[in-house]
Amino acid sequence: MQLWRCPPALRAVLPSPRRLSAAAPRTRAEAGAAGPRGDGDGAGAGALRPLYLDVQATTPLDPRVLDRMLPYLTGCYGNPHSRTHAYGWESEAATERARRQVADLIGADPREIIFTSGATESNNMAIKGVARFYKSRKKHIITTQTEHKCVLDSCRSLEAEGFQITYLPVQKNGLIDLKELEAAFQPDTSLVSVMAVNNEIGVKQPIRDIGEICRARKVFFHTDAAQAIGKIPVDVNDLKIDLMSISGHKIYGPKGVGAIYVRRRPRVRLEPLQSGGGQERGLRSGTVPTPLAVGLGAACEVAQEEMEYDHKRISQLAERLVTKIMSEVPDVVMNGDREHRYPGCINLSFAYVEGESLLMALKDVALSSGSACTSASLEPSYVLRAIGADEDLAHSSIRFGIGRFTTEEEIDYTVQKCIQHVKRLREMSPLWEMVQDGIDLKSIKWSQH
């Protein structure tokens, strides 16, 4: 791929994905002393924009992706389904090229790629579509307790339609027990849905083993790969995946677009969720948004080229963050398996510190305490509860998301501020004081008034 060079006129209006204010050079260590300054981005004029370490929620648009999209946002505006003139032909060609780019990333046939609005729609299509198509013979589905909310809610809606759902528990490391999976199969099981990389704790499920188990039983296997695609190698044939959900904005592409992989041989049949003009082989009616599809395709192509380098660099940054924090702060727990994980998703629980208080203290770093889709809830993360985390530790968790544009200086600044505020908040905590005095908090019987 040719290297992208931003035109001067465009550079003037576009913020860099990893922009650091000139008032806080490199590490932004001077941010606190310098006071708020405008950075010209418009959305927060007069305020210093925080560092961004929340790439599991969304990723910045890669400038190379934007470069590919721009022609289809301006002059090449034809409907890709218009077959009678050049405007439609050029949009259709761009859409089909994007379809090939997505397929190449996962080792699929382009005809097996269906464009959607994102992974939520793809998950709904896979679970509800398979269940309803085969409902006359099969009415049982297997999933896990740590899936994304859209998967769990899709399964609950199917329960209301008379389907039986098995929600597999996970072990303390966040991984499923394959023996429990094998024991959960029934004669009428139609689908198994297991997330490839968890969006909160970053654990990688044994997708290859699950695929082989499902294929041996002639049960379709769906995986929500929104957090895996473009970050770790995924080959749908090697892993025996039958359906897979993809999101554009998790791989440095645009928001509002995604895809679902639907295997042709052995053929997977779906009942469409929406009716219309029969686009996308009748599975997803509606005009395909050419600029967004082009962006998804370009993001997949860039990810394929950058994956090895990105993974190595992100692993180094993750190791730097975890090592520095744990060497300076005691009683820190890493949630999820330490070995079978994607390194760019780090979930740490800081004992005796309220997670929301720490997030507020770290206001100059964009972080999260869990999934962006459930962050409005004051309840502790259901993923952390599923792995057996104590409620107080679940409330004290912070997710650090490291991505393609994260710098070493940003990691060092985040570590410094995290250590500083954890120590400060613990000094204010009576529980921390009791622990320092040697009191076992679990032995105390707390009275309620």
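All values below come from the heavy atoms of this structure, side chains included, with hydrogens, waters and symmetry mates left out.
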- Query: So, Asn124 and Ser154: side-chain donor and acceptor under 3.5 Å apart, yes or no?
  - Reply: yes

Problem - Side-chain touch Val365/Tyr413, heavy atoms, less than 4.5 angstrom - result: yes

I'd like to know whether Asp337 forms a salt bridge (charged side-chain N to carboxylate O under 4.0 Å, His left out) with Arg341, so could you lay out the CA-CA distance, the side-chain angles of the two residues, the decisive distance to 0.1 Å, and finally the verdict. CA-CA 6 Å; Asp337 193 272; Arg341 65 182 307 109; over 6 Å; no

Closest heavy-atom pair, Ala293 versus Val288, reported as atoms and distance to 0.1 Å, is CB-CG1, 4.1 Å

Q. Is there a side-chain contact between Arg83 and Glu92 (heavy atoms, below 4.5 Å)?
A. yes

Taken to the nearest 0.5 Å, the spacing of Ile346 CD1 from Gln56 CD works out to 9.0 Å

Considering residues, nucleotides and ligands other than Arg267, do more than 12 of their heavy atoms fall under 6.0 Å from its CZ? no

Item checked: Validation row: Val197, Cys345 side chains within 4.5 angstrom (heavy atoms) -> no

Side-chain (Thr223) to main-chain (Ala196) donor-acceptor, under 3.5 angstrom:
yes

OG of Ser396 to CG of Leu358, rounded to nearest 0.5 Å, is 9.0 Å

One should read off an interatomic distance between Tyr52 OH and Thr406 OG1, to the nearest 0.5 angstrom, of 9.5 Å

- prompt: Do the non-hydrogen side-chain atoms of Arg217 and Thr189 ever get within less than 4.5 Å of each other?
  reply: no

**Study point:** Modelled atom types, side-chain donor and acceptor of Glu121 and Ser117, under 3.5 Å
**Key:** yes

Taken to the nearest 0.5 Å, the spacing of Ile165 CD1 from His140 NE2 works out to 7.0 Å

Separation between CD1 (Ile141) and SG (Cys155), nearest 0.5 Å, reads 5.5 Å

Strictly by modelled atom types, are Asn335 and Arg399 linked by a side-chain donor-acceptor pair under 3.5 Å? no

So, does Gln171 use its side chain to make a donor-acceptor pair with the main chain of Ile176 at under 3.5 Å? yes

For the residue pair Tyr252 and Phe405, categorise the inter-ring angle as parallel (less than 30°), tilted (30 to 60°) or perpendicular (more than 60°). perpendicular

Hey, is NZ on Lys135 packed in by over 12 heavy atoms from elsewhere, all under 6.0 Å? no

Do Glu147 and Thr144 meet the criterion of a side-chain donor-acceptor pair at a distance under 3.5 Å?
-> yes

Counting only heavy atoms not in Gln274, do more than 12 sit closer than 6.0 Å to its CD atom? yes

Q.
Between Arg99 and Glu96, does any NZ, NE, NH1 or NH2 come within less than 4.0 Å of an OD or OE carboxylate oxygen?
A. yes

field: From CA spacing to verdict: salt bridge (charged side-chain N to carboxylate O under 4.0 Å, His left out), Asp188, Lys139
entry: CA-CA 6 Å; Asp188 65 341; Lys139 302 203 71 171; over 6 Å; no

| Is there side-chain contact between Val302 and Arg404, with heavy atoms separated by less than 4.5 Å? | yes

Between Ile201 and Gly174 the two heavy atoms that sit nearest each other are CD1-CA, 4.3 Å

* Asked: If you count the non-hydrogen atoms of other residues, nucleotides and ligands that lie under 6.0 Å from OH in Tyr87, is the total more than 12?
  -> no

Margin query: What I want to find out is whether Glu306 reaches Arg64 closely enough, with some N-O distance under 4.0 Å, to be called a salt bridge.
Written below: yes

CG of Leu270 to CD1 of Ile260, rounded to nearest 0.5 Å, is 6.0 Å

| said: Using side-chain heavy atoms (C-beta onward) and a distance below 4.5 Å, is Cys76 in contact with Thr290? | reply: no

- Task: Report yes if some heavy atom in the side chain of His222 is under 4.5 Å from a heavy atom in the side chain of Val268; otherwise report no.
- Result: no

Nearest heavy-atom approach of Val219 to Leu191 is CG1-N, 3.7 Å

| said: Would the distance check show the side chain of Ser91 and the main-chain N or O of Gly78 forming a donor-acceptor pair, the cut-off being under 3.5 Å? | reply: yes

Do the non-hydrogen side-chain atoms of Arg208 and Leu239 ever get within less than 4.5 Å of each other?
-> yes

* Note: Lys231-Asp310 ion pair, threshold 4.0 Å (strictly below) -> no

Whether Arg385 side chain and Ala394 backbone form a donor-acceptor pair below 3.5 Å:
no

I'd like to know if the side chain of Glu112 and the backbone of Arg263 have a donor-acceptor N/O pair within less than 3.5 Å.
no

